[in-house]
Amino acid sequence: MSIGLKSAAHVGIAVSDLDRSVAFYQALLGEEPVVRDENMHGAGFAQSQGLPTTKLRYATFNLDNLGIDLIQFQEPVGDAAQVAANRPGSMHLCFHVDDVRSVFDRMSEAGFEFLGQPYTFASGEVNPPAAVGTEVAYFNDPDGTNLEIIAPKGGFARS
């Protein structure tokens, strides 16, 4: 059975310090959030998330094709996730760029720290073969959320 979902509205990222995360994403995206320091709370809302109570602050950035909600839970405060690319349940948010190396260099000059150098997939390393030449680089936000920049080719490019 297929439910048939075809479009994403936003990605929500739990953060430990909303102000710090807003500053990070504002520098990354070059945009102000469309909402900042808003709040949500209430028993019904908490129940919808499987929590006994909920009080949170949030901010939203809008990309051309996706919203990014930064959410700081004030009640209940959660423990930091142990995120890594290979940990089940971890996710990453990928930003499409035209030239990974130039964006990597600009970001590095601005103080963003990457997990490693940019990488270009070579023949025999990726399927479909049309994806050879795809460039990627990975970094984290202040709470360790996995982030990526990509200049996709072939099989990784959206049509």
Side-chain angles (χ1 to χ4, degrees), residues 3-97 100 103-121 125-126 131 134-152 155-156 158:
I3 303 301
L5 303 178
K6 304 270 186 217
S7 181
H10 69 268
V11 60
I13 302 172
V15 302
S16 62
D17 180 330
L18 183 64
D19 299 321
R20 177 183 68 173
S21 292
V22 164
F24 175 89
Y25 282 90
Q26 193 169 341
L28 180 65
L29 303 173
E31 301 286 335
E32 294 281 332
V34 294
V35 297
R36 182 182 195 143
D37 205 17
E38 297 295 326
N39 60 69
M40 292 182 186
H41 57 87
F45 179 59
Q47 185 276 331
S48 75
Q49 296 196 337
L51 297 169
T53 183
T54 300
K55 180 180 176 188
L56 58 86
R57 297 173 58 215
Y58 73 95
T60 299
F61 288 89
N62 282 338
L63 303 178
D64 291 342
N65 60 343
L66 183 71
I68 300 173
D69 288 350
L70 303 176
I71 307 160
Q72 178 184 351
F73 281 82
Q74 296 172 300
E75 291 177 23
V77 174
D79 294 329
Q82 299 297 315
V83 296
N86 65 336
R87 287 186 177 253
S90 291
M91 55 80 66
H92 73 269
L93 175 59
C94 183
F95 298 95
H96 182 275
V97 300
V100 166
V103 174
F104 175 91
D105 289 344
R106 284 196 326 268
M107 288 177 66
S108 295
E109 288 172 15
F112 289 88
E113 294 183 24
F114 283 82
L115 301 176
Q117 291 294 310
Y119 183 74
T120 302
F121 285 98
E125 292 182 330
V126 64
T134 294
E135 296 174 290
V136 297
Y138 298 90
F139 59 108
N140 296 113
D141 78 2
D143 287 295
T145 300
N146 299 309
L147 302 172
E148 174 186 7
I149 53 175
I150 188 171
F156 290 157
R158 288 188 358 167

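Please read these numbers as outputs of a predicted model, since none were measured by experiment.
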*Asks:* How close do Glu113 and Phe139 get, heavy atom to heavy atom, and via which atoms?
*Replies:* O-CB, 3.3 Å
*Asks:* When the side chains of residues 37-55 are checked against the rest of the protein, which donor-acceptor pairs come out under 3.5 Å, sequence neighbours left out?
*Replies:*
{"residue": "Asp37", "atom": "OD1", "partner": "Arg57", "partner atom": "NE", "Å": "2.5"}
{"residue": "Asp37", "atom": "OD1", "partner": "Arg57", "partner atom": "NH2", "Å": "2.9"}
{"residue": "Ser48", "atom": "OG", "partner": "Phe45", "partner atom": "O", "Å": "2.6"}

*Asks:* Partners of Asn140 by side chain to side chain donor-acceptor pair (under 3.5 Å), sequence neighbours excluded?
*Replies:* Asn146
*Asks:* My understanding is that only residues two or more places apart in sequence, or in another chain, count here; which of them pass salt bridge (Lys or Arg N to Asp or Glu O under 4.0 Å) with Asp17?
*Replies:* none
*Asks:* If the condition is side chain to side chain donor-acceptor pair (under 3.5 Å), which residues does Arg20 pass it with, not counting sequence neighbours?
*Replies:* Ser16, Asp143
*Asks:* Quick one: does Glu31's side chain get under 4.5 Å of Leu63's, heavy atoms only?
*Replies:* no
*Asks:* My understanding is that only residues two or more places apart in sequence, or in another chain, count here; which of them pass ring pair (Phe, Tyr, Trp, His ring centres under 6.0 Å) with Phe112?
*Replies:* Phe24
*Asks:* For the residue pair Leu29 and Ile68, establish whether any side-chain heavy-atom pair is separated by less than 4.5 Å.
*Replies:* yes
*Asks:* Applying ring pair (Phe, Tyr, Trp, His ring centres under 6.0 Å), can you list everything that pairs with Phe104, at least two apart in sequence or on another chain?
*Replies:* Phe114
*Asks:* For His96, check side chain to side chain donor-acceptor pair (under 3.5 Å) against everything at least two apart and list the hits.
*Replies:* none
*Asks:* Indicate the atoms forming the closest heavy-atom contact of Val22 with Ala59, along with that distance.
*Replies:* CG2-CB, 3.6 Å
*Asks:* What residues, two or more places apart in sequence or in another chain, satisfy side chain to side chain contact (heavy atoms under 4.5 Å, CB included) together with Ile3?
*Replies:* Met1, Leu5
*Asks:* Please list, chain by chain and in numerical order, all residues satisfying side chain to side chain contact (heavy atoms under 4.5 Å, CB included) with Glu135, sequence neighbours excluded.
*Replies:* Val100, Thr120, Ala151
*Asks:* Using every non-hydrogen atom in the two residues, find where Phe61 and Glu32 come nearest and quote the distance to one decimal.
*Replies:* CE2-C, 3.8 Å
*Asks:* Indicate yes or no: at least one non-hydrogen side-chain atom of Met91 is less than 4.5 angstrom from one of Thr145.
*Replies:* yes
*Asks:* Please list, chain by chain and in numerical order, all residues satisfying side chain to side chain contact (heavy atoms under 4.5 Å, CB included) with Tyr119, sequence neighbours excluded.
*Replies:* Phe121, Glu125, Val136
*Asks:* Determine whether Phe95 and Leu93 make a side-chain contact, defined as any pair of heavy atoms from C-beta on separated by less than 4.5 Å.
*Replies:* yes
*Asks:* Check whether any side-chain heavy atom of Tyr25 lies under 4.5 Å from a side-chain heavy atom of Ile13, and answer yes or no.
*Replies:* yes
*Asks:* Should Thr134 and Val126 count as side-chain neighbours, where that means a heavy-atom distance under 4.5 Å?
*Replies:* no
*Asks:* Just verifying a value: how many Å separate Leu28 CG and Ser21 OG, rounded to the nearest 0.5 Å?
*Replies:* 11.5 Å
*Asks:* Could you work out, with side chain to side chain donor-acceptor pair (under 3.5 Å) as the rule, every residue matching Tyr58, not counting sequence neighbours?
*Replies:* none
*Asks:* Can you list the residues that meet the side chain to side chain contact (heavy atoms under 4.5 Å, CB included) rule with Asn62, with sequence neighbours excluded?
*Replies:* Val34, Thr60
